[in-house]
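What follows is a single structure, written as structure tokens, with notes after it.
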Number of protein chains: 2
Amino acid sequence: MIFNLATGYALQALAGLPESGEYALTRDLAERLELPSPYLAKILQNLARAGILESSRGPKGGYRLARKADQISVEKILFALEGEDALNGCVMGFPVCDASHPCPMHDAWTAVKTQMEASIISTTLADLRRAAVFKSKPKSARKR
Amino acid sequence: MIFNLATGYALQALAGLPESGEYALTRDLAERLELPSPYLAKILQNLARAGILESSRGPKGGYRLARKADQISVEKILFALEGEDALNGCVMGFPVCDASHPCPMHDAWTAVKTQMEASIISTTLADLRRAAVFKSKPKSARKR
DNA sequence: TTAAATTAGGACCAAAGGGTCCGAAATGAT
DNA sequence: ATCATTTCGGACCCTTTGGTCCTAATTTAA
């Protein structure tokens, strides 16, 4: 799906995390989003280390956003989890591929990436939350 | 780099393969492009199985394009190597994400993918060959 | 001060991507 | 026929990604 699964999980989770005040529990988040809890825990730890989340241990602990939702772009999250140059590679697999040594697809692909970057830079967690699919998915009465 | 390394290698190789007549050798291709030869061999086999290449065994054998270069789009190659729905996944990692059950990023992302698809559908091997970087890369006199 | 709750962090496992190697089958030339 | 050459196909290895599990550290509350 172009980005890592972990990045997708992160977007889902971050869209459902409080901006300040109360902390939210990994367990609750995972349950609500129907994601593998221990894996989500790992991802949230990474986001905390990256400064995107604040964490607190012990009772009443959990995670919350470190900034206002409209201050956190999708790009920040991508870069935090997949590295700053997640979008920098050459489509054709050339080890070097830039304006002065372009691969045959360089220009066409730069256009694609430009639009993609514009999209992930301008989209923030506030946008995700607005559109949010917080309808508790009617799947099947799930036990456990 | 968004697509697999193998897809990039395939694009490089296919841009350098003859349209008809003579067959080209895996070994020569790999050497010219400075790619890992046995891995490239695997990729070429896949492309042959997918009907994009024609192969011939034995002396004078090798690979050549199965169609005219301008009849083979980058999309065909992507789909052959990464599956028909290489572009279909949801950015946010939702198991289902379509027009009737869109994730919060669905519309923005559909726009990105539309441009990307347009690009890879309209770009053919003939285009790649035209732009081709067939300057034998002046790296360092390489032995072996 | 003790116990419960919760993140932090590491060990570990499985699957997929990237990569190597080797034997078998096919084919052209001698 | 035989031999050299080349693809075909499978076995195998390493690293990354996705995922689980256990223990330690921290914090709140009784």
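We use all heavy atoms of the structure for the numbers below, so side chains are in, but hydrogens, waters and symmetry mates are not. Within every chain, numbering begins at 1; the chains are lettered A, B, ... in the order of the sequence lines, protein sequences first and strands thereafter.
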Side-chain donor-acceptor contacts of residues 80-97 of chain B below 3.5 Å, not counting sequence neighbours, with atom names and distances?
{"from": "B:Glu82", "atom 1": "OE2", "to": "B:Asn4", "atom 2": "N", "distance (Å)": "2.8"}
{"from": "B:Glu82", "atom 1": "OE2", "to": "B:Thr7", "atom 2": "OG1", "distance (Å)": "2.5"}

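Looking at heavy-atom distances under 4.0 Å, A:Tyr63 makes contact with sugar-phosphate atoms alone, never a base. Contact annotation for B:Phe3: no contact, since no heavy-atom pair falls under 4.0 Å across all strands. Residue B:Pro36 is classed as a sugar-phosphate contact, given heavy-atom separations below 4.0 Å to backbone atoms only.
Look at B:Ser37 and you won't find any side-chain N or O under 4.0 angstrom from OP1 or OP2 of C:dT20. Dashed line: the shortest gap from a side-chain N or O of A:Thr26 to OP1 or OP2 of C:dT7 is under 4.0 Å.
Using a 30° and 60° split on the angle between ring planes, B:Trp109 and A:Phe3 fall in the tilted class, from 30° to 60°.
Side chain of B:Arg27 to main chain of B:Ser37: no donor-acceptor pair is present (N/O by atom type, distance under 3.5 Å, no hydrogens or angles).
For the pair A:Ala6 and B:Gly61, nearest-nucleotide mapping onto DNA chain D gives the more 5' position to B:Gly61.
Contacts of residues 39-56 of chain A with DNA chain D (heavy atom under 4.0 Å): A:Tyr39, A:Lys42. Of the residues in residues 71-82 of chain A, not one places a heavy atom less than 4.0 Å from an atom of DNA chain D.
The shortest non-hydrogen separation linking A:Ala69 to A:Thr124 is O-CB, 3.6 Å. Considering all non-hydrogen atoms of both residues, B:Glu19 and B:Asp70 come closest at OE2-N, 4.5 Å.
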- Task: Using the side-chain contact (heavy atoms from CB on, under 4.5 Å) rule, take A:Leu125 and A:Ile77 through it: C-alpha gap first, then chi angles, then the decisive distance, then the call.
- Result: CA-CA 10 Å; A:Leu125 290 183; A:Ile77 297 154; 3.8 Å; yes
- Message: Under the criterion side-chain contact (heavy atoms from CB on, under 4.5 Å), I'd like the reasoning laid out for A:Leu14 against A:Ile72: C-alpha separation, chi angles, the key distance, then a yes or no.
- Response: CA-CA 10 Å; A:Leu14 289 169; A:Ile72 305 178; 5.5 Å; no
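By the 4.5 Å heavy-atom criterion applied to side chains, A:Leu65 and A:Leu53 are counted as neighbours.
We find that OH of A:Tyr23 is positioned 16 Å from P of D:dT26, with the value rounded to whole Å. Straight-line distance from the CG atom of B:Leu25 to the P atom of D:dT6: 5 Å, rounded to whole Å. Rounded to whole Å, atom P of D:dT17 lies 15 Å from atom OH of A:Tyr9. In this structure, B:Arg27 places its CZ atom 15 Å from P of D:dA4, rounding to the nearest Å. Put simply, CG on B:Leu29 is 13 Å from P on D:dT6, counting in whole angstrom units. Taking atom CD on B:Gln12 and atom P on C:dG18, their separation rounds to 13 Å, with Å as the unit. In this structure, the CG atom of B:Asn4 is 16 Å from the P atom of D:dT16, given to the nearest Å. In this structure, B:Leu5 atom CG and C:dA16 atom P are separated by 18 Å, rounded to whole Å.
When distances are taken from the side chain of B:Pro38 to each of D:dC21, C:dT20, C:dG18, the shortest belongs to C:dT20.
Side-chain atoms of B:Arg57 and base atoms of D:dT7 include a donor and an acceptor less than 3.5 Å apart.
Note on B:Leu33: it clusters hydrophobically with B:Leu11, by side-chain heavy-atom contacts below 4.5 Å among ILVMFWY residues. The cluster map of Ile, Leu, Val, Met, Phe, Trp and Tyr, joined by side-chain heavy atoms under 4.5 Å apart, puts B:Ile43 and B:Leu25 in different clusters.
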